[in-house]
2 protein chains.
Amino acid sequence: MRGLLSFQILWLISREPMNGQQIALELAKCRSSKPTPGTIYPALKELANKGLIKPSRKGRQVVYHITEEGRKGLADARRYFFQVFGEIIEEEYGQVC
Amino acid sequence: MRGLLSFQILWLISREPMNGQQIALELAKCRSSKPTPGTIYPALKELANKGLIKPSRKGRQVVYHITEEGRKGLADARRYFFQVFGEIIEEEYGQVC
DNA sequence: CGCATTGTATTGGGTGCCCGATACATTTAA
DNA sequence: TTAAATGTATCGGGCACCCAATACAATGCG
């Protein structure tokens, strides 16, 4: 895993295979702006190089789907994310549910 | 605000004024390792330069406390953090409490 | 076919994060 | 008053992220 962007992308793809533009649009929903190609494609390339996602051309789109390795990486990243930000999150969400 | 490290530091200091070493130790608790001086002090310097925290020497320590500007910046950063990672967090914590 | 549209990809430049190494400052202990 | 310990700070290099600009690839339409 590279960083939090890769984490978020992997999380998105784990729910449903997507192409670059879809991913950018999804990220735009929860950010101040839509990530540009120079942000999104290098991240996808790295994730693919590490075998966490797999590309397949469909017409002019390249659809990425998560691999088994990717699911493991996602689980690790998720664990680490909550380890790091757990306290801050629990302060907001309340720890007793 | 710079990034997530600054966010986390600001959050720590908002709870209680701290010096660099204390901050590094707190961060170590929720990370894989303790951040080195080259990580922690530049971040503190930037936060101080932006007026979000304020240093004061106490013996050989420099204790930082949050400013009013800092509390505003923290609130903004917190909002943005949950905007970006809200879905991922809710998946883990369950959105109905 | 020729051309616009849509989607993918790379490059260059800037910033934030991170470490290891080094240096400086202050206090404590010998 | 030296010397060690503790804490602060900077420097250099590397990687992740981010954008703007540019180019390429594939499809759709006149």
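Just so you know, these numbers come straight off a predicted model, no measurement behind them. Protein chains get the first letters and strands the later ones, always in sequence-line order, with residue 1 at the start of each.
- Between A:Lys34 and the options A:Gln21, A:Lys29, A:Glu26, a side-chain contact (heavy atoms from CB on, under 4.5 Å) holds for only A:Gln21.
- Judged purely by distance below 3.5 Å, without hydrogens or angles, the side chains of B:Glu87 and A:Trp11 never pair a donor atom with an acceptor atom.
- The outermost nucleotides of DNA chain D lying under 4.0 Å from heavy atoms of chain A, listed 5' to 3', are D:dA16 to D:dG28.
- Using a 4.0 Å heavy-atom criterion, one finds that A:Ile40 contacts no nucleic acid atom at all.
- For A:Phe81 and B:Phe85, the ring centers are positioned less than 6.0 Å apart.
- For A:Lys45 and C:dT10, the shortest distance from a side-chain N or O to OP1 or OP2 is below 4.0 Å.
- At C:dC19, one or more side-chain N or O atoms of B:Ser33 fall inside 4.0 Å of OP1 or OP2 (strictly under the cut-off).
- Residues that satisfy the ring-ring contact (aromatic ring centres under 6.0 Å, His included) test with B:Phe82, not counting sequence neighbours, are A:Tyr93.
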Could you go through residues 44-54 of chain B and list every donor-acceptor pair under 3.5 Å that involves a side-chain atom there, pairing it with any protein atom two or more places apart or in another chain?
none

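- Put simply, CG on A:Asn19 is 10 Å from P on C:dA9, counting in whole angstrom units.
- Between the side chains of B:Arg78 and B:Gln83, no donor N or O sits under 3.5 Å from an acceptor N or O.
- Contact annotation for A:Gln21: base contact, defined as any heavy-atom pair under 4.0 Å involving a base atom.
- Residue A:Val62 has its side chain nearest to C:dA9 when only C:dG7, C:dT26, C:dA9 are considered.
- Within the nucleic acid shown, B:Tyr64 comes within 4.0 Å of sugar-phosphate atoms alone, with no base atom in reach, counting heavy atoms only.
- Counting non-hydrogen atoms under 4.0 angstrom, A:Gly38 reaches a base of the nucleic acid.
- Between B:Arg31 and C:dC18 there is a side-chain polar atom (N or O) within less than 4.0 angstrom of OP1 or OP2.
- Residues A:Thr39 and A:Arg57 each lie close to DNA chain D; by heavy-atom proximity, the contact nearer the 5' end of the strand is made by A:Thr39.
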